[in-house]
Student: 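Can you read through this structure? Questions will come right after.
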Protein chains: 2
Amino acid sequence: MPTSHYGQPRYRLIADELRRRIEAGSIPRGSLLPPESSLTAEFNASRGTIRQAIALLRHEGIAITEHGRGTQVAAFLPGEEPPRSIDLERIHREVPADAELAAIFGINIGATLVRDEAVAREGAEVESVTRTYRRPRGGP
Amino acid sequence: MPTSHYGQPRYRLIADELRRRIEAGSIPRGSLLPPESSLTAEFNASRGTIRQAIALLRHEGIAITEHGRGTQVAAFLPGEEPPRSIDLERIHREVPADAELAAIFGINIGATLVRDEAVAREGAEVESVTRTYRRPRGGP
DNA sequence: AGAAATTTGTCCGTATGTATC
DNA sequence: AGATACATACGGACAAATTTC
């Protein structure tokens with residue numbers, strides 16, 4: 001990626017894009033910015049470049065970075081666009097069967113089931129939670 | 001030690017080794033990977049490098065990481081297909097939110113949620129139970 | 001029920017080498 | 001040559017979720 005910066009350095013363009021999302025509400029006030037690692041992936045930029053971009057936002061006072069926690073969008077400037085992006089997040093884990101599930105599967109209560117959970121969000125709001133339970137493959 | 005580039009960066013080599021162990025079964029499906037601290041010691045690499053390696057496995061869909069818990073090997077590796085569902089049965093009802101769901105939705109424990117349940121059977125055996133929770137439309 | 005230990009998440013600072021503008 | 005960006009790697013520190021005692 002040789003970079004074709006049209007007059008502007010990359011970190012400035014990235015800062016512009018993040019500022020746009022914040023102003024448009026797609027990154028809600030008071031929420032945490034995606035971590036540097038995510039931004040690195042999304043913008044296909046190095047961490048240093050991302051950090052420069054965030055430093056700009058900090059200077060402008062619209063972001064606050066806390067060591068070990070993340071970068072938070074400032075809370076001021078009320079009301080604007082409702083967020084529309086749908087975010088999916090999947091969690092996979094093993095859970096013990098409760099009475100209801102045990103009855104359906106025909107297994108003992110407390111037996112291990114594999115649960116896949118998908119949380120669908122629109123902006124900050126949770127739209128739905130879908131859980132799929134299966135019996136584990138060849139193991140308790 | 002910047003890069004000892006013997007063709008590949010270290011995090012990729014480490015990811016290769018972990019993938020090999022998973023496919024060979026020496027790290028079983030559904031089990032937890034050794035913690036980052038152990039891998040750091042074993043591979044004599046920094047934590048960041050280990051995390052990069054694990055991120056690769058996550059991206060490939062063969063590992064799922066949960067905060068505070070660990071990194072779990074997927075129950076099904078991409079490419080191996082779980083058995084297909086045949087019989088489907090749907091149940092719709094209203095249920096009170098337990099603590100976990102309440103936390104996800106950001107509502108009070110006991111608040112009403114709508115639950116759609118689909119039981120997939122293959123012959124007599126239950127293959128999977130899928131439950132989707134949503135907030136009621138305009139209701140309590 | 002609560003504290004401690006474990007484990008992952010994130011940020012900070014630094015370093016080296018390479019490629020591109 | 002210098003500025004910018006990229007890729008990789010290290011170590012330290014604090015934050016937060018989960019498990020364990």
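Naming: A, B, ... by sequence-line order, numbering from 1 per chain. Here the structure is a predicted model, which is why all the values come from computation and not from measurement.
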Student: In whole Å, what is the span from the CZ atom of B:R51 to the P atom of C:dC11?
Tutor: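 In whole Å, C:dC11 P lies 11 Å from B:R51 CZ.
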Student: Can you list the residues that meet the side chain to side chain contact (heavy atoms under 4.5 Å, CB included) rule with B:T65, with sequence neighbours excluded?
Tutor: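 Checked B:T65 against side chain to side chain contact (heavy atoms under 4.5 Å, CB included); matches are B:I54, B:R58, B:T71.
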Student: Mind checking what makes side chain to side chain contact (heavy atoms under 4.5 Å, CB included) contact with B:S38, not counting sequence neighbours?
Tutor: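 Scan of B:S38 (side chain to side chain contact (heavy atoms under 4.5 Å, CB included), adjacent residues dropped) gives B:P34, B:P35.
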Student: Under a 4.0 Å heavy-atom cut-off, which of residues 32-50 of chain B touch DNA chain C?
Tutor: B:P35, B:E36, B:R47
Student: A side-chain contact here means heavy atoms from C-beta on lying under 4.5 Å apart; do A:L18 and A:F43 qualify?
Tutor: yes
Student: For the residue pair B:L113 and B:A97, what are the closest heavy atoms and their distance?
Tutor: CD1-CB, 3.7 Å
Student: Are OP1 or OP2 of D:dA5 and a side-chain N or O of A:Q52 less than 4.0 angstrom apart?
Tutor: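 Yes, such a contact exists.
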Student: With sequence neighbours excluded, give me every side-chain hydrogen bond (donor to acceptor under 3.5 Å, both in side chains) pair touching residues 95-107 of chain B.
Tutor: A:R115-B:E100
Student: Can you tell me if the side-chain N/O atoms of B:Y11 get under 4.0 Å from OP1 or OP2 in D:dT8?
Tutor: yes
Student: Could you list all N or O pairs between the protein and nucleotides 18-21 of chain D that sit under 3.5 Å apart?
Tutor:
unit_1 : atom_1 : unit_2 : atom_2 : d
D:dT18 : O4'    : B:G68  : O      : 3.3
D:dT19 : OP1    : B:R69  : NE     : 3.3

Student: If the condition is side chain to side chain contact (heavy atoms under 4.5 Å, CB included), which residues does B:E42 pass it with, not counting sequence neighbours?
Tutor: B:R21, B:L39
Student: For a side chain to side chain contact (heavy atoms under 4.5 Å, CB included) check, start with the C-alpha distance between B:I50 and B:I14, then their side-chain angles and the critical distance, and finish with the verdict.
Tutor: CA-CA 7 Å; B:I50 297 295; B:I14 293 171; 4.0 Å; yes
Student: Can you find a side-chain donor-acceptor pair between A:S46 and A:T49 that sits under 3.5 Å?
Tutor: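 Note: A:S46 and A:T49 side chains meet the donor-acceptor criterion.
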